[in-house]
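Please read the structure below before turning to the comments.
Letters A, B, ... mirror the listed sequences (proteins, then strands); counts begin at 1.
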Amino acid sequence: MPTTLAADVTAWYARAARDLPWRAPDAGPWAVLVSEVMLQQTPVRRVLPAYQAWLRRWPTPAALAADEPGDAVRAWGKLGYPRRALRLHACARAIVAEHGGTVPRELDELLALPGVGSYTARAVAAFAFGLRHPVVDTNVRRVVARAVHGRGEAGPPATARDLAEVTALLPADTGEAVRFSVAVMELGALVCTARGPRCGECPLIARCAWNRAGRPEYSGPRVRPQRFAGTDRQVRGLLLDVLREGPGPVTRTALDAVWSEPVQRERALGALLADGLIHRLPDGRYALPR
DNA sequence: TACACGTGGGC
DNA sequence: TGCCCAAGTGT
């Protein structure tokens, strides 16, 4: 009897999976949600220590909700995209206000939470609650692009189509579907990587359309690379770092010191204030949000 | 759809 | 050295 793609990936996962804390049996829905938000665009290696510290300090949504948003931004440290910290804090308050402090399990309820989009809602529903939902992230899209379509890269996301393609691969059994979802993500993270894929270790080597085609170089539309040096994003990071590193409010002079070009500096500071990442005190100094 | 949004490490 | 990449979301 021929195996399925899902069965092959799941069998590989059983022996190759990393031991990650958010996959432990004692990781509840809140822990899974925290891990998923931290893992948005941030590598596992850097998430690990922040995740542990975060859950020790805020083991429940209610615990986080009781503290100030600035505490979340500071604890976020240098994980990057600090708006995620603000949203996770708002998420905790929403869970308390609208769900009695319990992470909801329905997709539409999860989707309504701040910072929770299509990927994270499905990941929490599947991994924390064991529900049968397709989970689509960049790893999954790359594995499908290669194994199914024979393309070297996934190209720009097409949400509806991506979801349909993964749904087509999803085992009918709920437990198997969940194991498959986490397994494909792991395969994309460890073997079917963006650069230097380890095809020799891949459980799908025999059925991979990309491999059969001789692993042709990708020629489709490319995702526009993100620049960083010299952008507003870099300036925002430098400004916020001043607040994060210091114990309390700082002067405008201290902020001005991190970027010499005044127009861009002003724009970045204004954006941070607008985002709620920074708060301006009556005395003119700046602080993390209360 | 395309763009903005942090940070650090690999090559 | 710079460029590319890492479990996305919101607008």
Side-chain angles (χ1 to χ4, degrees), chain A residues 13 17-18 20-23 27 31-51 73 76-88 90-91 110-128 134-143 152-163 166 181-190 192-197 218 221-245 258 264 267-268 270-272 274-277:
Chain A
Y13 181 80
R18 290 168 292 181
L20 299 171
W22 43 86
R23 292 178 185 157
V32 172
L33 175 54
V34 169
S35 77
E36 293 300 345
V37 174
M38 287 186 170
L39 287 164
Q40 293 168 4
Q41 302 283 282
T42 301
V44 167
R45 218 178 346 275
R46 288 172 48 213
V47 164
L48 246 14
Y51 166 85
V73 173
W76 197 256
K78 308 202 80 166
L79 284 182
Y81 292 144
R83 290 192 294 192
R84 288 182 294 164
L86 227 38
R87 294 195 184 120
L88 188 51
C91 180
L110 287 163
L111 238 15
L113 297 171
V116 176
S118 175
Y119 163 74
T120 303
R122 292 166 181 286
V124 171
F127 304 146
V135 180
V136 182
D137 77 332
T138 186
N139 288 309
V140 176
R141 295 194 327 104
R142 186 173 52 250
V143 171
E153 296 178 23
T159 313
R161 183 169 55 73
D162 294 339
L163 216 45
V166 176
S181 295
V182 67
V184 194
M185 289 175 59
E186 190 77 339
L187 185 69
L190 298 182
C192 194
T193 50
R195 283 173 303 185
Y218 179 74
R222 291 205 168 259
V223 178
R224 185 167 161 277
Q226 302 191 27
R227 288 165 298 111
F228 180 65
T231 62
D232 285 7
R233 209 151 83 257
Q234 180 184 23
V235 182
R236 290 168 54 112
L238 291 170
L239 290 170
L240 193 60
D241 200 36
V242 175
L243 274 300
R244 240 177 355 226
E245 294 307 309
V258 301
Q264 187 176 32
R267 187 170 64 232
L272 286 171
D275 285 349
L277 244 14

Task: First of A/R142 and A/L111 reached from the 5' end of DNA chain C, by closest nucleotide - done: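 First, find each residue's nearest nucleotide; the 5'-ward one identifies A/R142.
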Task: Nearest-nucleotide comparison on DNA chain C, the residue closer to the 5′ end among A/L113 and A/W22 - done: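 Nearer the 5' end of the strand: A/W22.
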What is the nucleic acid contact for [X], judged by heavy atoms within less than 4.0 Å: base, sugar-phosphate only, or nothing?
{"X": "A/R244", "value": "sugar-phosphate"}
{"X": "A/L20", "value": "base"}
{"X": "A/W76", "value": "nothing"}
{"X": "A/G117", "value": "sugar-phosphate"}
{"X": "A/P156", "value": "nothing"}
{"X": "A/R18", "value": "base"}
{"X": "A/R122", "value": "nothing"}
{"X": "A/T138", "value": "sugar-phosphate"}
{"X": "A/A123", "value": "nothing"}

TODO: With a 4.0 angstrom cut-off to heavy atoms of chain A, pull out the first and last contacting nucleotide of DNA chain B, in 5'-to-3' order.
DONE: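 So the outermost contacting nucleotides come out as B/dC3 to B/dG10.
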Open item on the list: Quick check: on DNA chain B, is the nucleotide nearest A/G80 upstream (toward 5') of the one nearest A/T159, or the reverse? Name the residue that is more 5'.
Closed with: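 The residue closer to the strand's 5' end, by nearest nucleotide, is A/T159.
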Open item on the list: For A/G117, is there any backbone N or O sitting under 3.5 Å from a side-chain donor or acceptor partner on A/T120?
Closed with: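 No; zero donor-acceptor contacts below 3.5 Å.
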Task: Donor-acceptor under 3.5 Å (A/R141 side chain, A/G155 main chain) - done: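 Checking the backbone N and O of A/G155 against the side chain of A/R141, a donor-acceptor pair under 3.5 Å is found.
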TODO: Mind running a 4.0 Å heavy-atom check of residues 32-48 of chain A against DNA chain B and sending the residues that fall below it, in number order?
DONE: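 Nucleic-acid contacts, sorted: A/Q41, A/T42, A/R46.
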TODO: May I ask you to list the residues of residues 230-241 of chain A, by number, that have any heavy atom positioned under 4.0 Å from an atom of DNA chain B?
DONE: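 Those residues whose heavy atoms fall under 4.0 Å from DNA chain B, taken from residues 230-241 of chain A in numerical order, are A/D232, A/R233, A/R236, A/G237.
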Open item on the list: Run the ring-ring contact (aromatic ring centres under 6.0 Å, His included) test against A/Y51 and tell me which residues pass, sequence neighbours left out.
Closed with: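 Residues passing ring-ring contact (aromatic ring centres under 6.0 Å, His included) with A/Y51: A/W22.
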Any residue meeting side chain to side chain donor-acceptor pair (under 3.5 Å) with [X], in chain and number order, not counting sequence neighbours:
{"X": "A/R195", "result": "none"}
{"X": "A/S181", "result": "none"}
{"X": "A/T42", "result": "A/R84"}

TODO: Apply salt bridge (charged side-chain N to carboxylate O under 4.0 Å, His left out) to A/R45 and list each qualifying residue two or more places apart in sequence or on a separate chain.
DONE: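 If we apply the salt bridge (charged side-chain N to carboxylate O under 4.0 Å, His left out) test to A/R45, skipping adjacent residues, there are no hits.
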TODO: Can you sort out the partners of A/R46 under salt bridge (charged side-chain N to carboxylate O under 4.0 Å, His left out), two or more places apart, ordered by chain and number?
DONE: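 Once residues adjacent in sequence are excluded, A/R46 has no partner under the salt bridge (charged side-chain N to carboxylate O under 4.0 Å, His left out) criterion.
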Let me have the donor-acceptor pairs involving side chains of residues 234-241 of chain A, under 3.5 Å, with sequence neighbours excluded, atom names and distances please.
from, atom 1, to, atom 2, distance (Å)
A/Q234, OE1, A/G230, N, 2.7
A/R236, NH1, A/D275, OD2, 3.0
A/R236, NH2, A/D275, OD2, 2.8
A/D241, OD1, A/R244, NH2, 3.1
A/D241, OD2, A/K78, NZ, 3.4

Can you tabulate the close N/O pairs, meaning under 3.5 Å, that link protein atoms to atoms of nucleotides 2-4 of chain C?
from, atom 1, to, atom 2, distance (Å)
C/dC4, O2, A/R195, NH1, 3.3

Open item on the list: Going by side chain to side chain contact (heavy atoms under 4.5 Å, CB included), name the residues that satisfy it together with A/A123, two or more places apart in sequence or in a different chain.
Closed with: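 A/E36, A/Y119, A/F127, A/V135.
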